[in-house]
Amino acid sequence: MELSHGYAEHLKHKKVVDMLNSFSGLAGAVFAFMVSTSLFLAASGVFKLYLSFILYGVEPRWNLLAATFLLVFSVYGINKLTDMEEDEINNPERVGYIKRIEGIFRHAILVSLLLAVFLSALTSLWAVLVVLFPIAAGVLYSIRLSPNYPRLKDVTGVKNTIIATTWANGTAFLPYLVAGNVALSKVALIYYFFFMKSMINTILFDVRDIEGDRVNGIRTIPVKVGFRKSKALLIALNSTFLLWLALAYHLGYFERYLPVLIFSILNGYAYILRFAREGYKPGKSLDVWVDGEWLYTLPLALIM
């Protein structure tokens, strides 16, 4: 009886373990799909925009949140389609996902672009122009307009600036269009915060992709200056937020949310030190921590 009871307990334990492993495998596959198709980044972009609305002190607009989700998905989707060659080295798993659904993926990108423009038009023509900017920038960024000239993404530093500007334009200006009469100094601080956050993140992802970029002759900042100088640059850029905090405090802005903003800045130091290491291969942990930053930062702001 004791042996039979022990065997039954063993089978029960094995079933639980198998069930957990199955769930873990399914969750991992779903997350890999979301990262590969930019759905994860699009969701994070919505949370980022929501935080910007909070910093402006206005109620978030559902149509602009939805437009942002669709826009991020489509613009980054275009980039994934045009970057398959270098991603074969940097991220072969992502390329595999995109190739398997390439036809559907292309149609989803087109529909998302059209819906993003339509939803932004519900707010104003200016909102449409803000939405159209990353679409134009995404095309110019990824496509070689002439055989005699490089793509903008191949020019050192230009890619990072375009991406950061694109994110900051949408995140800072869409809520501003709703907020109305806001001091330009406040707009400038919000713009700088999201611009520099995006600048740091794009350089950090270039650190991860340095091997594939070097093979494909893409002269990113890490390829050109190396790991150590890239890390020093990232820390220096993140340190500019210390002056930003002092100025925001002096002007009396974001007082309720200063702890969250301080957390975001300290979090920046943490993931720079974690991922800007020579020879380190972060895998999906980089996407979760860095791209997913707003998924755990916004909830902190909402409970303040």
Side-chain angles (χ1 to χ4, degrees), residues 41-61 64-65 68-69 71-72 127 130-131 133-134 137 157 159-205 233-273 275-276 289-304:
L41 185 60
S44 183
V46 172
F47 278 56
K48 182 193 293 191
L49 180 62
Y50 200 113
L51 178 61
S52 183
F53 273 107
I54 289 176
L55 294 179
Y56 274 105
V58 295
E59 191 70 21
R61 296 288 180 88
L64 295 179
L65 294 174
T68 296
F69 179 89
L71 183 66
V72 173
V130 172
V131 166
F133 177 83
K159 176 197 76 170
N160 310 93
T161 304
I162 290 176
I163 294 175
T165 301
T166 298
W167 273 109
N169 282 356
T171 309
F173 290 150
L174 288 178
Y176 171 71
L177 294 174
V178 176
N181 188 25
V182 180
L184 291 180
S185 56
K186 187 174 187 177
V187 178
L189 284 173
I190 292 174
Y191 189 95
Y192 182 84
F193 178 77
F194 290 111
F195 173 88
M196 190 52 65
K197 270 289 181 179
S198 296
M199 176 67 80
I200 291 169
N201 293 356
T202 62
I203 296 174
L204 193 55
F205 274 90
L233 173 62
L234 288 168
I235 291 174
L237 292 177
N238 202 65
S239 296
T240 64
F241 284 126
L242 301 178
L243 178 60
W244 182 92
L245 270 177
L247 186 56
Y249 179 79
H250 173 73
L251 294 173
Y253 297 150
F254 325 126
E255 290 181 346
R256 180 179 175 182
Y257 303 107
L258 283 180
V260 176
L261 296 170
I262 292 171
F263 165 78
S264 180
I265 294 165
L266 294 177
N267 189 42
Y269 283 118
Y271 57 62
I272 289 169
L273 294 174
F275 295 119
W289 194 346
V290 180
D291 272 348
E293 176 177 8
W294 312 107
L295 297 175
Y296 54 84
T297 303
L298 174 64
L300 294 176
L302 292 174
I303 63 176
M304 296 302 295

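All heavy atoms count here, side chains included; hydrogens, waters and symmetry mates do not. For the single chain, residues carry numbers from 1 onward in sequence order.
Among residues at least two apart or in separate chains, there is no salt bridge (Lys or Arg N to Asp or Glu O under 4.0 Å) pair with a member in residues 44-53. Residue pairs satisfying the side chain to side chain donor-acceptor pair (under 3.5 Å) criterion with at least one member in residues 235-247, sequence neighbours excluded, are listed as follows: Tyr192-Thr240, Ser239-Tyr269. Counting only residues at least two apart or in different chains, salt bridge (Lys or Arg N to Asp or Glu O under 4.0 Å) contacts with residues 292-301 comprise Lys197-Glu293.
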### Criterion side-chain contact (heavy atoms from CB on, under 4.5 Å) on Leu51 and Tyr257, from CA distance to verdict
CA-CA 10 Å; Leu51 178 61; Tyr257 303 107; 5.8 Å; no
### Task
Given side-chain contact (heavy atoms from CB on, under 4.5 Å), test Tyr296 with Asn267 step by step and report yes or no.
CA-CA 11 Å; Tyr296 54 84; Asn267 189 42; 2.8 Å; yes
#### Entry: Working for side-chain contact (heavy atoms from CB on, under 4.5 Å), residues Phe254 and Leu189
CA-CA 10 Å; Phe254 325 126; Leu189 284 173; 4.2 Å; yes
### Message
Quick one, Leu258 with Leu261, criterion side-chain contact (heavy atoms from CB on, under 4.5 Å). Give me CA distance, side-chain angles, the key distance, then yes/no.
### Response
CA-CA 5 Å; Leu258 283 180; Leu261 296 170; 4.2 Å; yes
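If you take NZ on Lys159 and OG1 on Thr202, they are separated by 6.5 Å, rounding to the nearest 0.5 Å. Separating the CG atom in Leu245 from the NE2 atom in His250 is a distance of 14.5 Å, to the nearest 0.5 Å. Distance check: Phe69 CZ to Leu41 CG gives 10.0 Å after rounding to the nearest 0.5 Å. Here the CZ-CG distance, from Phe275 to Asn201, works out to 10.5 Å after rounding to the nearest 0.5 Å.
Here the closest non-hydrogen pair linking Met304 and Val260 is CG-CG2, 3.6 Å. Contact detail for Thr68 and Gly45: the closest heavy-atom pair is CG2-O, 3.9 Å. Heavy atoms only, all atoms of each residue included: Thr166 and Ala137 are closest at OG1-CB, 3.9 Å. Of all heavy-atom pairs spanning Ser44 and Leu295, the tightest one is CA-CD2, 3.9 Å. The two residues Ala276 and Leu234 make their nearest non-hydrogen contact at CB-CD1, 4.2 Å. Heavy-atom minimum distance, Gly170 versus Val130: CA-CG1, 3.8 Å.
The aromatic ring centroids of Phe241 and Phe193 lie less than 6.0 Å from each other. Between Tyr191 and Phe173, the ring centre distance stays below 6.0 Å.
In this structure Phe53 satisfies the ring-ring contact (aromatic ring centres under 6.0 Å, His included) test with no other residue, sequence neighbours excluded. Evaluation of the ring-ring contact (aromatic ring centres under 6.0 Å, His included) rule for Phe194 yields Trp294 as partners, not counting sequence neighbours. Applying the side-chain contact (heavy atoms from CB on, under 4.5 Å) test to Leu237 and every residue at least two apart in sequence or in another chain returns Met196, Met199, Ile200, Ile203, Leu233.
At most 12 non-hydrogen atoms from other residues, nucleotides or ligands lie less than 6.0 angstrom from OH of Tyr249.
Side-chain contact between Leu247 and Tyr253 is absent, with no heavy-atom pair separated by less than 4.5 Å. Between Phe133 and Thr165 the shortest side-chain heavy-atom distance falls below 4.5 Å. Side-chain contact check for Ser52 versus Tyr56: some heavy-atom pair is nearer than 4.5 Å. Side-chain contact between Leu49 and Pro60: absent, with no pair of heavy atoms (C-beta onward) separated by less than 4.5 Å. Under the 4.5 Å side-chain criterion, counting only non-hydrogen atoms from C-beta, Val72 is not in contact with Val46. Side-chain atoms of Ile235 and Leu273, non-hydrogen and from C-beta on, do get closer than 4.5 Å to each other.
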